[in-house]
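Have a look at the structure below before the remarks.
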Amino acid sequence: MRILKQSLLALVLSSPAILSAQTAVKGTVYDSTNNAVLAGADVINITSGESTVSDEQGNFTLEATDGDIITISYFGFDDQEFTYAGQTQLQFRMANSTATLKEVVVIGYGVAKKSDITGSVNKIGEEDFNKGSITSAQELITGKVAGVNVTSGGGAPGEGQNIIIRGNSSLSLSSQPLYVVDGIALSENNIGGSRNPLDFLNPNDIESMTILKDASATAIYGSRAANGVILVTTKKGKGKKFKYNYNATTSIYDPIKNIDMMSADQFRTLVNQVGTPAQIAQLGTANTNWQNEIYKTAVGIDHNFSATGNLGGFMPSRFSISHTDQDGILRGDNLQRTTLSANLNPSFFDDHLKIEVNARGSYIENTFANKGAIGAALEFDPTQSVYSGNPGNSLTSWQGYTVVNIADGKGGFRKHNLAPNNPVALLNEYSDTSEVRRFVVNGKADYKLHFFPDITATVNVGYDISNSNGRKISNYALPSQLEGWNGQRDSYNQELTNKLFNFYLNYNKSIGLHNINAVVGYEYQKFDVNKYDYNGLTTIGNYDPFQSTLLSYFGRVNYNYDNRYVLTATLRADSSSKLNPDDRLGLFPSAAVAWNISNEEFLKGSTTVSDLKLRFGYGQVGNVNSLRDYLFLTRYTASLATAQYQFGNDFYTTYRPDAINRNIKWEVTNTLNVGLDYGFFNNRLFGSIEYYQRETKDLIAQVFVDPFTNFSNKLDKNIGDMQNRGIEFSVNAIPVKTKDFKWTVGYNIAYNKNKIVNLTNDNIVGGIDGGTGTNVQIHKEGLPAYSFWVYKQIYDANGKPIEGAFEDLNGDGVINENDKYAKESPFADITMGVYTNITYKNWDFAVSGRASLGNYVYNNAASSKGYVAKATGNGQGFLSNVHTDYFRTGFSNITNENLLSDHYVEDGSFFRIDNITLGYTIPQAVKGMDLRMYGAVQNVALFTNYRGVDPEVFQGIDNNFYPRPRTFVFGLNVNF
């Protein structure tokens with residue numbers, strides 16, 4: 001309805017003003033079924049553009065002139081339209097409609113009426129998207145859907161997002177959802193040189209995103225849908241005349257908080273207390289905050305222009321162009337992106353043949369700042385200045401930068417390989433750049449058979465190609481080796497091609513109270529990747545090509561009786577080249593039923609209950625996403641260019657065999673879902689509540705194998721089962737709706753419990769900084785995946801941890817690996833999202849936020865840098881800064897046991913205010929032009945007890961994390 005209103009208003013604002021006398025027209029809006037008044041009905045004079053809303057008594061007043069066209073609309077009722085002819089008092093009786101039934105939602109290989117949906121499906125439209133400076137498409141839905149957790153990889157420009165739908169479902173394979181953009185299922189492979197799998201997509205081009213969560217909704221996509229599906233629908237052409245939109249934003253990104261390292265004065269005090277005279281003599285006189293040296297306030301700009309209309313009167317079309325130039329708060333970080341898109345939607349033969357062409361291209365230039373500077377800024381001696389004042393003398397400095405060096409025994413100095421590099425030097429003298437070109441196009445033809453119009457045949461052909469080039473270059477004199485100063489250059493080139501073809505028949509027939517919709521189809525998808533890596537020391541590159549193919553047949557039947565009882569059955573057969581021929585075929589069925597209770601006689605005409613539907617579904621989907629190709633074949637890996645075998649003056653590439661497993665097969669997830677959708681008071685209050693249970697069988701994970709039984713000591717193998725159980729609840733309301741004021745609120749909460757229910761071997765995972773091969777997490781039967789596996793710290797009477805003192809949990813008198821225990825999980829038990837939107841006349845205001853409860857974080861910065869021996873380089877002859885957690889622990893040395901103390905596993909629960917936006921619209925600022933100005937603040941505030949910078953760290957290990965900035969946005973939106 002909002003889209004209809006906007007379209008009508010845009011039409012009148014682009015028309016010549018009608019200059020004639022107007023009359024104040026009064027009227028009342030009624031429900032024709034029970035003669036009840038309807039408050040909040042939209043009344044629009046589409047000729048003049050004036051609009052109003054009926055009050056609590058159903059009354060309204062509107063200015064009109066003879067001949068004006070007036071429309072009345074109300075959710076759940078048929079719209080009324082009439083031409084004003086001088087009446088002063090009007091009555092409108094609104095007929096109950098099937099508007100809610102007719103609302104369609106994009107699902108797999110087609111669309112469905114909302115009333116026919118039996119699975120867990122959430123549609124987020126443009127009006128519900130997060131506002132502000134949005135570079136990544138996934139940011140649009142952060143916090144908007146219960147059970148859908150969106151976590152950015154950090155604060156870098158265009159940083160990718162990790163999306164987990166209803167908990168982790170795999171131990172080693174990808175847990176990311178399948179993205180389908182306008183019918184093209186995107187590749188699971190990462191594009192070299194790219195920050196984000198959706199960075200080719202301009203967020204301003206997206207009309208809606210539909211999230212499929214349970215097997216009833218996802219099974220039609222088979223093996224690619226084990227982790228859910230996100231269907232992205234882009235904006236299409238509409239209307240008869242072209243309308244234009246220009247949107248520009250300027251964003252300022254501000255660093256918020258530093259990691260708690262010692263100040264220069266604190267560090268001097270510590271070294272003077274514990275250091276030798278020689279170590280004390282190494283202290284400088286500067287007071288350098290190295291984190292302030294590497295971070296800065298950054299600026300980003302974004303320009304978007306689109307044209308929407310109709311070419312030649314028969315081809316609805318939309319064209320857009322955008323450019324983004326965004327700096328990161330880490331000095332030198334930058335993203336530049338230009339996108340182009342075209343959508344053509346002609347129809348022929350009285351709409352029997354409908355064509356849809358979607359094409360979009362992007363060119364992205366990335367300058368990646370050296371993230372190694374983040375860790376170096378924590379460790380580098382804060383008593384030293386950034387520059388030595390002695391440029392060019394590599395014995396005591398490097399090109400003027402202060403370095404940590406030690407005596408070489410020859411009267412000079414050398415850079416110690418364990419000492420940190422100058423963080424500013426790492427940023428200034430290291431270059432990591434890439435260019436990514438991507439073109440995504442698909443053409444779809446829907447033909448409603450003339451001789452059998454109940455059947456529509458669809459052909460969809462898609463092509464997604466990307467080409468990326470990148471290089472990493474360090475200055476020739478940048479210290480990188482124990483005894484030397486030498487530069488380095490590495491480069492790569494990657495081409496990824498995704499070819500898609502599907503053909504399906506859609507049968508839609510209504511006979512009396514019976515409606516049948518059936519889909520049967522075939523799909524072929526092939527991925528080709530060609531990757532070349534070059535090392536600067538040689539002209540010989542490493543060529544690594546691979547390909548994978550998916551061949552599928554699918555079918556779905558939806559039966560609806562009297563819009564009350566709905567049955568859906570789906571079956572997909574997938575054959576993947578990633579698996580051996582005997583285990584290649586997977587069959588993935590699902591079935592679901594729904595009862596539209598609100599359409600029963602005892603609720604028809606109810607002024608209280610406007611929507612009530614009970615859903616139940618069960619199904620199965622497979623997973624081999626991100627599984628390496630050809631594991632069932634004997635494969636050989638070429639040696640690196642720096643590890644070739646020399647014969648005389650010639651160097652030859654050698655090859656080693658890789659591990660092989662001929663018996664690897666599908667991970668299979670079985671999902672049970674029970675849901676209740678509700679709506680009250682003409683859907684002024686609506687939402688849903690759901691219970692689900694997901695059980696994944698034959699988990700794939702890396703396990704150790706016996707020596708000499710394979711070509712490696714590790715092997716990918718099906719070894720276990722995992723379970724996720726949860727409850728989701730969402731509620732949305734419009735508490736107030738008057739002529740000038742509208743207030744909407746929304747809230748969602750999800751609970752998920754993850755547990756590995758069967759695992760042949762424990763898997764130690766979660767590598768951390770501070771030790772060699774030290775891991776802090778485990779996959780173990782009976783525990784959540786990625787549980788922290790640590791020693792139980794003993795504390796003194798004052799609550800201070802006693803160094804090296806841990807509880808003997810098994811009581812054998814010895815502290816060893818057998819005394820470790822599981823301390824919580826990095827994934828939250830409970831997640832919440834909340835928003836509120838207010839409009840008052842021409843003002844609009846929006847606030848959104850999120851909460852996460854029960855997620856734990858391992859503070860690796862504190863564990864690896866919070867002990868006194870760190871100050872003196874662990875006896876290696878150089879100085880290194882210390883984390884202020886030392887003041888809480890007093891730890892002297894780093895040991896494997898100290899690193900794995902549960903002291904460093906902290907509660908990461910948080911509440912974050914994500915966004916506050918305030919805007920003002922000037923209708924007809926210039927004739928035919930609407931203007932909206934707005935300002936926004938993102939990452940407004942964070943409330944948490946976590947002592948690190950940010951507790952929102954995917955998989956829970958906080959190490960070298962790129963902090964998220966606070967963003968101030970100023971925007972201008974023009975429609976004409």
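As the structure is a computational prediction, the values presented were derived from the model and not from experiment.
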Salt bridge or not for [X] and [Y], using N-O below 4.0 Å?
X: Arg337; Y: Asp199; value: no
X: Asp490; Y: Lys472; value: no
X: Asp182; Y: Arg360; value: yes
X: Arg471; Y: Glu435; value: yes
X: Arg224; Y: Glu523; value: yes

Worksheet item: Quick one: does Asn623's side chain have a donor or acceptor within less than 3.5 Å of a partner on Ala225's backbone?
Response: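 Answer holds: no.
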
Worksheet item: For Ile220, does its backbone N or O pair with a side-chain atom of Arg572 as donor and acceptor, under 3.5 Å?
Response: yes

Practice prompt. Check the pair Ser187, Asn498 against side-chain hydrogen bond (donor to acceptor under 3.5 Å, both in side chains), reporting the backbone distance first and the verdict last.
Written response: CA-CA 7 Å; Ser187 171; Asn498 170 15; 6.0 Å; no

Option passing side-chain contact (heavy atoms from CB on, under 4.5 Å) with [X] (candidates [options]):
X: Lys820; options: Ile778, Val790, Leu900; value: Leu900
X: Leu231; options: Ile211, Leu178, Val181, Val106; value: Val106
X: Arg166; options: Asn227, Asn673, Val148, Asn724; value: Asn673

Discussion item. Nearest 0.5 angstrom please: Asp583 CG to Phe632 CZ, how far?
Written reply: 10.5 Å

Worksheet item: Got a sec, which residues hit side chain to side chain contact (heavy atoms under 4.5 Å, CB included) with Glu159, two or more places apart in sequence or on another chain?
Response: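 Scan of Glu159 (side chain to side chain contact (heavy atoms under 4.5 Å, CB included), adjacent residues dropped) gives Ala156, Lys371.
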
Item to complete: Could I get the full list of side chain to side chain contact (heavy atoms under 4.5 Å, CB included) partners for Asp582, not counting sequence neighbours?
Response: Asn580

Fill in: For Ser170 against Met722, the heavy-atom pair lying closest together
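Taking every non-hydrogen atom into account, N-CE, 3.3 Å.
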
Worksheet item: Closest heavy-atom contact between Ala219 and Thr570?
Response: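 Result for this residue pair: C-CG2, 4.1 Å.
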
Item to complete: Measure from the ring center of Phe503 to the ring center of Tyr522 and say whether it is less than 6.0 Å.
Response: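 Aromatic pair excluded; centres sit 6.0 Å or further apart.
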
Discussion item. In this structure, is the centre-to-centre distance between the rings of Phe588 and Phe554 below 6.0 Å?
Written reply: no

Discussion item. Can you see whether Phe200 has Arg438 sitting over its ring - NZ or CZ less than 6.0 Å from the centre and within 45° of the normal?
Written reply: yes

Worksheet entry | Worked verdict on Asn860 versus Asp958 for side-chain hydrogen bond (donor to acceptor under 3.5 Å, both in side chains) | CA-CA 6 Å; Asn860 199 188; Asp958 184 4; over 6 Å; no

Item to complete: Please test Ser863 against Tyr858 for side-chain hydrogen bond (donor to acceptor under 3.5 Å, both in side chains), starting from the C-alpha separation and ending with a verdict.
Response: CA-CA 9 Å; Ser863 69; Tyr858 175 78; 2.8 Å; yes

Item to complete: With ring-ring contact (aromatic ring centres under 6.0 Å, His included) as the test, would you mind laying out the steps for Tyr524 and Phe501 before giving the verdict?
Response: CA-CA 5 Å; Tyr524 172 84; Phe501 171 83; 8.2 Å; no

